[in-house]
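Below is one structure, written out as structure tokens; comments come after it.
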Amino acid sequence: MLIVGGGPVGLSAAVELGQRGISCLIVEPRTEISFIRPRAKTTNVRSMEHFRRWGLAGRIREAAPLKVAWSQDVVFCTTLLGEEVTRFTRSFGLWTERQDVSPESGQQIAQPVIEEVLRKAVAELDTVELLLGWTLQSLQQAADGVQAVIVGEDGQERLVLASYAIGCDGARSLVREAMGARYEGTSDTRSNLGFVFRAPGLAERHHLGPAVQYWILNPSSPGLMGRMDMDDRWWAIVNGAAADADPHALINALAGAEVESEILGTDPWTARMLLADHYRNGRLFLAGDAAHLNPPWGGHGFNTGIGDAANLGWKLAAALQGWGGEALLDSYESERRPVGERIIQEATRNMSVLAPELGNPQLMNPGEHGNHARQAAAQTIQTAKDGEFHSLGLVLGYQYNASPVIVEDGTPPTPESQAYHPSARPGARLPHLWLSDGTSLYDHLGNGFTLLRLKDTANATPFLEAAAEHGVPLEVMELRGEDIQALFGAPLLLVRPDQHVAWRGAALNRSAARVVLDQVRGVVHSLAVSAPPSTIRRSGGSNE
């Protein structure tokens, strides 16, 4: 497996594949990880579930300078050293007490720290080789594989032959170009300037309390800022600032006073709303920024890429191990591209109301007029921005409704909403449960498919026999309880390696179980199912 790009998405794909015994070569131009452009700072609940599945969630929390217990708040204020206008609590899926909805909370952590953890993780896998300082020069595919030429920093060329290639090589993706895909979409007209700086003692000067983000409504420098660690490093984004703007002056305006600051790095950028017209061409695939770009508001872009890697990785492993078919590989685009499209729409909606739109000169005035302006602004902010900071319906609630490897059961899709409503219909993420022994249901799911058996009368043997015929990894897990069956909606559920429900229904005979397994592993295309899956029969065949 050739993975072009060794950022968080490429490294995550390598972990997913490498832990399944698939040999991977990652080609990454950067030899060092830069901390002067923190990029993503929000790792959401769903990404942490994937990291938990890979055995990395604990490492990420240990490496994160800002612990979840330190703060779960987003504060809107006149300036950092000024007055609070309003705040959001339990933002970005951050919580410290155990929640039924997931075994993991979100985690605020800069993308470079995530990359450090992932680089160490792939170094521990005998199946993965990470080539730093190497760049893709050319890429071609044939019926039986792909052929790439890569170039090292010293000009040395190397020929790479692989079964498949994944383009995790960002916005200027050479893999996207090689597969004939193109971005579709638009860009924002407003410029932004991000920067990382050191400001000794700044944290002790303000009285707003800990927060993962401080939104500054000062009209002279509207934007947001936050701490990168518990020392003196901060990040900031100023909306509308030009690339050549004076960062020191911007920091002083954000803070509302003269601040001793050292600029560590600047990053001028423009928000882009771009989606690749296709994610697959034969043996070439796109993931992460190579497939989709969205505004950062809400913290979804990096996490969408992690979801891409988790979805594609197990499917490619299934194909290479001989039990997954072409329809399984086709399903990557039909499942993940709609997610990328929805993320772009939500992030664009969040971008429609930023600090410049929320700022008001009267907010800066003390006294009655200033207080009245802050009260009015607080109501506007709570209405406009709540969905940006409380979005579990988007993070956990997406469903693969049009997938060729999901067996529909005739129930309607759960409507999209800001709040998360657990659903076990096929295509949805399996609702999470804490078991009676205090462990997470997710920790008991197998590395392949898992058949959840909720009633003694539900016979799992036909599925086990059908799986054994084709080497499909399948484990059976027993669960009991009327409340569990009511939540899951059927006595049997077939759960995929990525924790999404592939099928649910009543007991099947061996022939019908084989039909279901053939669809969910992608060796046949979607069945036209108009009745519950327990009545599926092979067309023209007999019932064994």
Side-chain angles (χ1 to χ4, degrees), residues 30 32-42 65-66 71 74-85 108-113 115 170-171 187-208 210-272 293 295-297 299 301-302 350-351 354-361 363-364:
R30 298 169 301 143
E32 302 291 336
I33 298 171
S34 172
F35 282 80
I36 64 173
R37 299 177 69 190
R39 298 299 183 99
K41 293 167 281 292
T42 299
L66 305 180
S71 181
V74 171
V75 172
F76 285 71
C77 52
T78 57
T79 63
L80 183 67
L81 303 182
E83 298 299 320
E84 177 177 329
V85 177
Q108 289 294 297
I109 180 172
Q111 180 176 318
V113 184
E115 288 192 45
S187 297
D188 190 31
T189 58
R190 178 161 47 192
S191 62
N192 303 277
L193 182 61
F195 42 93
V196 176
F197 62 99
R198 182 174 288 109
L202 180 58
E204 289 72 36
R205 291 180 62 183
H206 76 83
H207 60 273
L208 299 174
V212 295
Q213 292 181 359
Y214 300 93
W215 283 64
I216 310 301
L217 305 182
N218 183 358
S220 67
S221 183
L224 63 160
M225 60 190 299
R227 299 181 68 171
M228 288 191 65
D229 54 35
M230 297 304 290
D231 294 321
D232 296 320
R233 285 194 307 157
W234 293 71
W235 60 268
I237 297 172
V238 178
N239 305 124
D244 59 355
D246 179 4
H248 293 286
L250 295 176
I251 292 170
N252 292 340
L254 289 169
E258 192 78 18
V259 172
E260 177 190 350
S261 60
E262 175 191 359
I263 306 303
L264 303 178
T266 60
D267 181 21
W269 57 273
T270 301
R272 308 197 184 280
L293 289 175
W297 316 113
F302 154 83
N350 293 338
M351 186 175 65
L354 297 178
E357 287 75 41
L358 296 168
N360 182 334
L363 291 174
M364 314 303 293

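Side chains of I237 and W269 form a contact here, defined as non-hydrogen atoms less than 4.5 Å apart. Side-chain atoms of L224 and Y214, non-hydrogen and from C-beta on, never get closer than 4.5 Å to each other. You'll find the side chain of V74 reaches within 4.5 Å of the side chain of W215, heavy atoms only. Residues Q213 and V75 have side chains not in contact (no heavy-atom distance under 4.5 Å, counting atoms from C-beta outward). No side-chain heavy atom of W234 sits under 4.5 Å from any side-chain heavy atom of I251. Put simply, the side chain of L193 reaches to within 4.5 Å of the side chain of L250, judged on heavy atoms. At least one side-chain heavy atom of L254 sits less than 4.5 Å from a side-chain heavy atom of I216. Side-chain contact check for V259 versus R205: some heavy-atom pair is nearer than 4.5 Å.
When all heavy atoms of A241 and S191 are compared, the pair lying nearest together is O-OG, 3.1 Å. A pairwise comparison of heavy atoms in L208 and G82 identifies CD2-O, 4.1 Å as the closest pair. Closest approach of P268 to A243, counting heavy atoms only: CB-CB, 3.6 Å. Heavy atoms only, all atoms of each residue included: T42 and F302 are closest at O-CD2, 3.7 Å. Summarising the geometry of P200 relative to E260, their closest heavy-atom pair is CD-O, 3.7 Å, with the distance given to 0.1 Å.
The closest donor-acceptor contact from the side chain of T270 to the backbone of D188 lies at 3.5 Å or more, if one exists at all. Using modelled atom types, one side-chain atom of N350 and one backbone atom of W297 make a donor-acceptor pair closer than 3.5 Å. The main-chain N or O of P210 is found under 3.5 Å from a side-chain atom of S71 such that the two form a donor-acceptor pair. Between the N239 side chain and the N192 main chain, no donor and acceptor come within less than 3.5 Å of each other. Distance alone, capped at 3.5 Å, is enough to place a donor-acceptor pair between the N218 side chain and the A253 backbone.
In this structure, R30 pairs ionically with E115, as a charged nitrogen and a carboxylate oxygen lie closer than 4.0 Å.
Here the CG atom belonging to L202 is positioned 9.0 Å from the OG atom belonging to S261, to the nearest 0.5 angstrom. Once rounded to the nearest 0.5 Å, the distance linking NE2 of H206 with CG of L80 reads 5.0 Å. Summarising the geometry, atom CE belonging to M228 is positioned 8.5 Å from atom CG belonging to L264; distances are rounded to the nearest 0.5 Å. Taken from CE in M364 to OG1 in T79, the straight-line distance is 5.5 Å, to the nearest 0.5 Å. Interatomic distance, CZ of R272 versus OG of S187, reported as 4.0 Å (0.5 Å rounding). Atom-to-atom distance recorded for T266:OG1 and I36:CD1 is 7.5 Å, nearest 0.5 angstrom.
Listed by first then second residue, pairs satisfying salt bridge (Lys or Arg N to Asp or Glu O under 4.0 Å) with a partner in residues 215-242 read D229-R233, not counting sequence neighbours. Every pair tested for salt bridge (Lys or Arg N to Asp or Glu O under 4.0 Å) that includes a residue from residues 243-258 fails, sequence neighbours excluded, so the list is empty. For residues 189-199, every residue pair satisfying the salt bridge (Lys or Arg N to Asp or Glu O under 4.0 Å) rule, not counting sequence neighbours, is listed here: R190-E357, R198-E262.
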- [ ] Could you go through the side chain to side chain contact (heavy atoms under 4.5 Å, CB included) check for D267 and R39 one step at a time?
- [x] CA-CA 9 Å; D267 181 21; R39 298 299 183 99; 4.0 Å; yes
Open item on the list: Would L358 and F76 count as a side chain to side chain contact (heavy atoms under 4.5 Å, CB included) here? Give the steps.
Closed with: CA-CA 10 Å; L358 296 168; F76 285 71; 3.8 Å; yes
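Two rings, from F197 and H248, have their centers 6.0 Å or more apart.
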